[in-house]
Amino acid sequence: MKTIVVNAVGEQCPIPVVKATRALREMTEPGILEVHVDNEIAVQNLTRMASGHKLAARSEKLGEKEFVVTMEVTDPAGEAPLEEPPLTCAPDQRGNLVVAVDTAVMGRGSDELGKALMKGFLFAVGQLPELPKTMLFYNGGARLTCRGSDSLEDLKNLEAQGVEILTCGTCLNHYGLTEALAVGSVTNMYSIVEKLAGAGKVVKP
């Protein structure tokens, strides 16, 4: 499929959404729309726009102030918006919620089922109307932020929207995964305690 690239770096909301919408309106065949921006708020608004038009979308942080939102347009005639969005910007979606994940599986019983449940849980976190401020991964949960994790794409989407992804360095070292970290950054126990203590609410699957 053809890829259309929209450069909205340096643009503040609602300009990235307006540019993306115009590009969608001009697409006459299935393809991929890539929108490059430099701030998390733009990522949040673009992701919300894609969801509103039932477009499969993913976002990723490529570097400091460098993000890309990718939308898959399979039926442009039926899915591309006919109207430009109102020139309004949604506020930052991040609240003061901290999600603490200490295992790669969710619940007790079947590890196979628990793995599927954890993948569903992390995906669901990204669909919350108010995103978490920070997600902490420690002990067995450290595996989820490393290469080979089934949840990497979901976590990268969250990171691109400004969610802080932190993984315990001691845990990575214990499991031999120090070089395998694929999303977020390394943290220590002092920082983990600080994040938990300062949270408005903590959720632990």
Side-chain angles (χ1 to χ4, degrees), residues 1 3-6 8 16 20 24 30-74 79 93-94 97-106 111-138 140-168 171-172 175 177-187 203 205:
M1 289 192 292
T3 298
I4 306 297
V5 178
V6 172
L24 284 173
I32 302 296
L33 178 65
E34 277 188 11
V35 187
H36 293 256
V37 294
D38 62 3
N39 63 91
E40 294 95 341
I41 307 301
V43 176
Q44 292 176 16
N45 281 283
L46 286 164
T47 301
R48 189 181 298 108
M49 182 207 78
S51 177
H53 294 298
K54 297 181 174 59
L55 297 173
R58 65 180 184 276
S59 52
E60 187 174 358
K61 182 176 182 178
L62 303 179
E64 190 65 29
K65 294 187 176 181
E66 186 180 2
F67 307 86
V68 60
V69 179
T70 304
M71 305 178 198
E72 184 176 344
V73 184
T74 56
E79 294 182 345
Q93 280 187 292
R94 291 166 293 180
L97 168 69
V98 170
V99 176
V101 183
D102 65 357
T103 176
V105 298
M106 187 174 183
D111 284 349
E112 182 180 359
L113 174 59
K115 184 177 180 181
L117 291 175
M118 181 61 78
K119 177 174 173 54
F121 172 82
L122 295 175
F123 171 79
V125 168
Q127 309 308 306
L128 289 172
E130 186 174 83
L131 297 174
K133 180 179 181 180
T134 303
M135 296 184 72
L136 302 170
F137 295 85
Y138 51 95
R143 299 181 183 279
L144 296 169
T145 58
C146 295
R147 291 193 298 270
S149 166
D150 291 338
S151 294
L152 272 186
E153 185 173 314
D154 293 328
L155 293 176
K156 287 181 178 181
N157 273 329
L158 285 159
E159 182 184 42
Q161 295 182 71
V163 177
E164 186 178 33
I165 308 290
L166 299 176
T167 303
C168 166
C171 307
L172 289 170
Y175 290 115
L177 295 171
T178 303
E179 302 301 320
L181 187 68
V183 61
S185 56
V186 177
T187 191
V203 171

Among T167, T145, L172, T178, which one satisfies side-chain contact (heavy atoms from CB on, under 4.5 Å) with V186?
-> L172
Closest heavy-atom pair and its distance - G126, L131 | O-CD2, 3.8 Å
Taking C-beta and beyond as the side chain, do L33 and V6 meet within less than 4.5 Å on heavy atoms?
-> yes
Just by distance, do the side chain of T47 and the backbone of V43 share a donor-acceptor pair under 3.5 Å?
-> yes
Taking atom types as modelled, is there a side-chain donor on R94 or Q161 under 3.5 Å from an acceptor on the other?
-> no
Contacts of R147 that satisfy side chain to side chain donor-acceptor pair (under 3.5 Å) - sequence neighbours left out | none
Compare all side-chain heavy atoms of V98 with those of M135 and state whether any distance is below 4.5 angstrom.
-> no
Could you list the residues that satisfy salt bridge (Lys or Arg N to Asp or Glu O under 4.0 Å) with R143, not counting sequence neighbours?
-> none
Calculate, to the nearest 0.5 Å, the distance between atoms CG and CD belonging to L166 and E159 respectively.
-> 9.5 Å
Using modelled atom types only, decide if a donor and an acceptor are shared between the side chain of Q93 and the backbone of E130 within a distance under 3.5 Å.
-> no
Should E153 and N157 count as side-chain neighbours, where that means a heavy-atom distance under 4.5 Å?
-> yes
Go through the steps for M49 and L24 under the test side-chain contact (heavy atoms from CB on, under 4.5 Å), then give the verdict.
-> CA-CA 11 Å; M49 182 207 78; L24 284 173; 3.8 Å; yes
Do the side chains of L181 and V183 get nearer than 4.5 Å, heavy atoms only?
-> no
State, yes or no, whether a side-chain contact exists between L46 and M71 at a heavy-atom distance under 4.5 Å.
-> yes
More than 12 foreign heavy atoms under 6.0 Å from CZ of F121: is that the case here?
-> yes
Which value, rounded to the nearest 0.5 Å, describes the distance between D38 atom CG and E64 atom CD?
-> 10.5 Å
What heavy-atom pair brings A100 and Y138 nearest, and what distance separates the two atoms?
-> CB-OH, 3.8 Å
Criterion side-chain contact (heavy atoms from CB on, under 4.5 Å) on E34 and T3, from CA distance to verdict | CA-CA 7 Å; E34 277 188 11; T3 298; 4.1 Å; yes
OG of S151 to CZ of F137, rounded to nearest 0.5 Å, is 8.0 Å
Is D154 close to K119 at the side-chain level, that is, under 4.5 Å between some pair of heavy atoms?
-> yes
With sequence neighbours excluded, residues passing salt bridge (Lys or Arg N to Asp or Glu O under 4.0 Å) with K156 = E60
If you take all heavy atoms of A142 and C146, which pair is closest and at what distance?
-> O-SG, 3.4 Å
If you measure from CG on L113 to NZ on K115, what distance do you get to the nearest 0.5 Å?
-> 12.5 Å
Please lay out, stage by stage, how L155 and L158 fare under the test side-chain contact (heavy atoms from CB on, under 4.5 Å).
-> CA-CA 5 Å; L155 293 176; L158 285 159; 4.2 Å; yes
Determine the sole option in V203, L97, V99 for which the side-chain contact (heavy atoms from CB on, under 4.5 Å) test with L128 is passed.
-> L97
Within a reach of under 6.0 Å around CD of Q127, are more than 12 heavy atoms found that belong to other residues, nucleotides or ligands?
-> yes
Find out whether F67 and E40 are in side-chain contact, i.e. whether some heavy atom of one side chain is under 4.5 Å from a heavy atom of the other.
-> yes
On a heavy-atom basis, the closest approach of P132 and V163 is O-CG2, 3.3 Å
Apply side-chain contact (heavy atoms from CB on, under 4.5 Å) to the pair I4 and I32, showing each step before the final yes or no.
-> CA-CA 6 Å; I4 306 297; I32 302 296; over 6 Å; no
Could you tell me whether the side chain of L144 reaches within less than 4.5 Å of the side chain of M118, counting heavy atoms only?
-> yes
